[in-house]
Amino acid sequence: MNNPQYIPQEIEEKWQKHWETLGIYRAIDNDTRPKFYSLVMFPYPSGDLHMGHMRVYTISDVISRHRRMKGYNVLNPMGWDAFGLPAENAAIARGLHPEKWTKENIRHMRDEQLKKLGTSYDWQREVTTCDQDYYHWTQSLFLQFYKHGLAVRKDAPVNWCPDCQTVLANEQVENGACWRHQDTPVVQKQMSQWFLKITNYTDALLNDLDKLVGWPERVKLMQRNWIGKSTGAELYFTVESKPNIQISVFTTRPDTVFGVTYLVLAPEHPLVAELTTDEHRQVVQDYVQSTSRKSELERLVAEKTKTGVPLGTQVVNPFNGDLVPIWISDYVLMNYGTGAVMGVPGHDERDFVFAHLFNLPIKEVISKTGSSTVLLKEAYLESGIVLNSGNFNGLENNLAKEKIIAWAQDHKFGKARIQYRLRDWLISRQRYWGCPIPLIHCKMCGIQPVPEDALPVVLPIEGIEITGQGGSPLVRYQDWQQVKCPSCGSKAQRETDTMDTFIDSSWYFLRYADAQNKKQAFSKEKVNYWMPVDQYVGGIEHAILHLLYSRFFTKALRDLKLLACDEPFSNLLSQGMVTKFSPASGRIEKMSKSRGNVVGTTSFFKEYGADSARLFTLFAAPPEQELEWSEEGAIGQNRFLNRLWRIAFELKENNIIDPNCQPLDSCATLDPQAADLLKLTHKTIKAVSLDLEPERYIFNTAIARCMELLNGLYKYVGDQKSAGLSGNGKSSNTQLADLTIADRQLLTNSLKNLLLLLAPMAPHITEELWHQLGFAKSPGQESIHVQPWPIYAETLTIDDEIELVLQINGKVVSKKYVRRGIERTTAEEIALKDDKILIKISGQPIEKIIVVPDKLVNIVVAKK
């Protein structure tokens, strides 16, 4: 009989529908089993996922499936980060409303891509952030923040396009110009904006990183650097011509204060105009205007040429009485520190470059020995001895820091200070496609929150025209904007800003715990059952903002008594990106549409199947490492699955498989070949089990182990065929049919365990073979994916033979394979009879013999 071919297209969609019908992936709230919350970062519905995206969803799905088989109550949800600028841009380009474009994309990505990958999501908990039943509760949480002083309004600079009359995101500023109007310089404009007070949690966000033992160190380091704790001093410099004005400077290097040769203000510093002399005023005004056209990112680029102009005034260095000039430069930002920095070119690389560029003095105040250098060729950055610093000369510079801060405090010239890089979170967006901010502006009562029973503030759909110009369409939509004040009833206006989309992704994992709740964002009981997330999987590009904002939200909601945990994600896996050769650049680059190196999911699934794609993304590299896409590699996984398919049907057609047989638990009655296969099976179960544990997640070696077991099955079957042909001349198939009960048990259980081990990684083919081979007790009513994870016998993972190392005076001379557990005297005898040992000893007297059981024998001989 000819075995059926492995045609993945004929089985994959069948089993996807079967799983959905059975509902085996639905999580159960408050179940008695241990819970496991498995979460993958939800996607932006851009319209099409390629194989580069599929890696992260496959990794997360394997983790979820494995935990489910381990007996956990698994929550594995999916949703859509659906608000945001790309939808508005698409609306402008395609003439579609953002909602229509977004919903069409979601349908395609869900039904034609994620489901066809064979993912095990609980789709009953699906959330879409642009749906009213989601942003209703985003608004409700915002109001909680507002009522407790965590949402505030203050002025902040924004990127403003004079032609569009709208605010631009940083990514919309190209070479200092608007992305739509290349000849229109973008200007920095002060506007009233809404902020969340994330700085209230600075210390907690920093200190609690130490609790996150399941996070990669590089991600924690990135968050520490973003929070940017700096310990130093705030020092006061008095303006020479205006003694009533002091300029505060924050520095981490107070030990270098005697080396200050200039002071630099941010161009937008409020003192600039007052401190500029008439002869410098025009140059300063031109420079300030020029700086206003640069984004913050442009100003902070380290490699750019330093620019600046003097104001014509000076300050007095309170430590030595030196008069130093005041400059402005765009590398100083008003919203970081005090908006002023002291220039110490002798001991700061940037200041050294700036001083050389503008011919400013360079003073040496620290050297390795405390002696002056004739000419500094570069800034001295190492520790050393203080010099040219008055009473502090001769001190080690770290001790000098403490002494100088103490002196400054005693003389009212400064104080110790801790400075953070982290700033409050600006959430205002002057755009349409986002969650409306639920506040109302009343001339009589001021800012008023929309009452909870009037939520959600619905984003208008009809009558909205999105052009990308003239500001947000909400500003022009008077019918929506004009409302009554909820406090006094007089005419008022809605807030027309919408929220930053990072708001939506900062709590979506909480909504999954109670996605159908119509009365509140989530019930405390359900969210406390599921949280924190046990395993979060997502790209390293989200290591800072998304993760930081989610941590802030969780801590704030804890303080508002809405949940119990203080960290949202216990374990984090940041997968590496998928790369491929790009014809556009001629290099291997990240897979993306813009680079022309995308591999589509639909075409690949049709050609080779989803299981082959899943196995390749898991096998080609460890999850944290970069993966280079290879068509040949993916085809290789398809060949592996074909081999699995063939041997399964060969054993089935020869009636070898006995689904009801008991597993073998001993090698006592088996011949050496059978014993080897039984041990290989148990070693594979142990190895794969360890590889899929959270401490490892090494999927490539797990698949390699499964390949080894498949090879072992083929070898055993091949050996049986060979034995049959040599013994009686029967055909190989006839000989397989004559196998003993023990052989049938062995082959049945080895193949059964192989299917179970592969099930999380290749769910479709394993489900098909599970049913084809009769392992399903109630066909059509069960699944391999809810079977218990296989267990191994530790005794069957230990080899009977070990490699005994033979040494002379600690140097390896020979090796022997011997039975495990031999007596000490037997080990000595084996060593003393070894030919290589005898040659090396060559009659030399033996002083002693050291035996380490089951490891080595070391013969110590007298040295000549």
Side-chain angles (χ1 to χ4, degrees), residues 41-49 53 77-115 123-142 164 166-169 171-172 180 427-438 450 454-481 483 494-508 511-512 515-516 518 521:
M41 293 181 184
F42 65 168
Y44 183 83
S46 58
D48 203 21
L49 296 170
H53 298 120
M78 177 49 69
W80 311 95
D81 193 8
F83 273 136
L85 186 60
E88 285 198 36
N89 293 341
I92 296 168
R94 296 172 174 83
L96 290 174
H97 191 280
E99 183 181 57
K100 180 177 177 60
W101 182 80
T102 299
K103 293 299 178 67
E104 287 178 355
N105 289 345
I106 288 173
R107 184 205 60 77
H108 174 74
M109 292 167 68
R110 179 186 59 232
D111 299 341
E112 301 301 321
Q113 297 189 297
L114 288 179
K115 285 187 177 181
W123 287 106
Q124 289 190 337
R125 296 175 186 258
E126 180 181 14
V127 302
T128 303
T129 60
C130 67
D131 283 349
Q132 289 183 36
D133 60 2
Y134 185 87
Y135 71 73
H136 176 158
W137 305 113
T138 302
Q139 293 174 350
S140 177
L141 294 177
F142 173 88
C164 296
T166 192
V167 173
L168 303 178
E171 57 267 28
Q172 293 177 306
R180 295 191 190 94
I427 65 160
S428 286
R429 297 294 182 268
Q430 291 73 37
R431 295 196 290 271
Y432 164 70
W433 193 238
C435 176
I437 295 176
V450 174
L455 296 179
V457 176
V458 177
L459 193 67
I461 302 298
E462 301 298 327
I464 289 292
E465 183 182 7
I466 301 172
T467 64
Q469 300 188 14
S472 167
L474 296 177
V475 176
R476 302 190 297 271
Y477 199 166
Q478 293 299 309
D479 288 348
W480 178 83
Q481 193 179 153
V483 292
R494 291 193 189 280
E495 172 64 62
T496 57
D497 283 358
T498 54
M499 297 186 206
D500 178 10
T501 56
F502 273 117
I503 294 276
D504 305 318
S505 60
S506 294
W507 77 279
Y508 77 108
R511 183 64 177 173
Y512 282 144
Q516 305 301 323
K518 303 293 184 184

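Note that OG1 of Thr128 is 6.5 Å distant from NZ of Lys103, once rounded to the nearest 0.5 Å.
Inter-residue side-chain proximity for Glu495 and Ser428 is flagged as unmet; no heavy-atom pair is nearer than 4.5 Å. Side-chain contact between Leu455 and Trp137: absent, with no pair of heavy atoms (C-beta onward) separated by less than 4.5 Å. Put simply, the side chain of His108 reaches to within 4.5 Å of the side chain of Gln113, judged on heavy atoms. His97 is listed as a side-chain neighbour of Ile461, based on a closest heavy-atom distance under 4.5 Å. Taking 4.5 Å as the limit, every side-chain heavy atom of Cys435 sits out of range of all side-chain heavy atoms of Phe142.
Checking side-chain atoms of Arg494 against main-chain N and O of Trp480 turns up a donor-acceptor pair under 3.5 Å. In this structure, the side chain of Arg125 does not engage the main chain of Ala515 through any donor-acceptor pair within 3.5 Å. Side-chain atoms of Gln430 do not come within 3.5 Å of backbone N or O of Ser472 as any donor-acceptor pair. A donor-acceptor contact shorter than 3.5 Å is absent between the side chain of Gln132 and the backbone of Pro456. A donor-acceptor pair under 3.5 Å is formed between the side chain of Gln478 and the backbone N or O of Val475.
Counting non-hydrogen atoms of neighbouring residues, nucleotides and ligands closer than 6.0 angstrom, the CD atom of Glu104 exceeds 12 such neighbours.
Residues satisfying the side-chain contact (heavy atoms from CB on, under 4.5 Å) criterion with Asp81, sequence neighbours excluded, are Phe42, Thr129, Asp504, Ser505. Take Tyr477 and apply the ring pair (Phe, Tyr, Trp, His ring centres under 6.0 Å) test, not counting sequence neighbours, and it matches no residue. With sequence neighbours left out, the side-chain contact (heavy atoms from CB on, under 4.5 Å) criterion links Thr102 to Pro45, Ala82, Ala87, Ile106, Cys130, Trp433. Under the side-chain hydrogen bond (donor to acceptor under 3.5 Å, both in side chains) criterion, Glu88 pairs with no residue, sequence neighbours left out. Residues satisfying the side-chain contact (heavy atoms from CB on, under 4.5 Å) test with Pro473, not counting sequence neighbours, are Tyr432, Ile464, Ile466, Arg476. Every residue two or more places apart in sequence or in another chain that forms a side-chain hydrogen bond (donor to acceptor under 3.5 Å, both in side chains) with Trp507 is listed here: Tyr134, Thr138.
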For this session: Just do the side-chain contact (heavy atoms from CB on, under 4.5 Å) check on Met109 and Asp48 with the steps written out, would you?
Result: CA-CA 6 Å; Met109 292 167 68; Asp48 203 21; 6.0 Å; no

Exercise. Can Leu474 and Thr498 be said to form a side-chain contact (heavy atoms from CB on, under 4.5 Å), step by step?
Worked result: CA-CA 9 Å; Leu474 296 177; Thr498 54; 3.9 Å; yes

For this session: Apply side chain to side chain donor-acceptor pair (under 3.5 Å) to Gln516 and Asp133, showing your working.
Result: CA-CA 9 Å; Gln516 305 301 323; Asp133 60 2; over 6 Å; no

For this session: List the steps, then state whether side-chain contact (heavy atoms from CB on, under 4.5 Å) holds for Arg429 with Asp497.
Result: CA-CA 5 Å; Arg429 297 294 182 268; Asp497 283 358; over 6 Å; no

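Taking 4.0 Å as the cut-off between side-chain N and carboxylate O, Arg431 and Asp500 do not count as a salt-bridged pair.
A cation-pi contact, defined as under 6.0 Å to the ring centre and within 45° of the axis, links Lys115 to Trp123.
Contact record, Met499 with Ile437: CG-CG1, 3.6 Å, taken as the closest heavy-atom pair.
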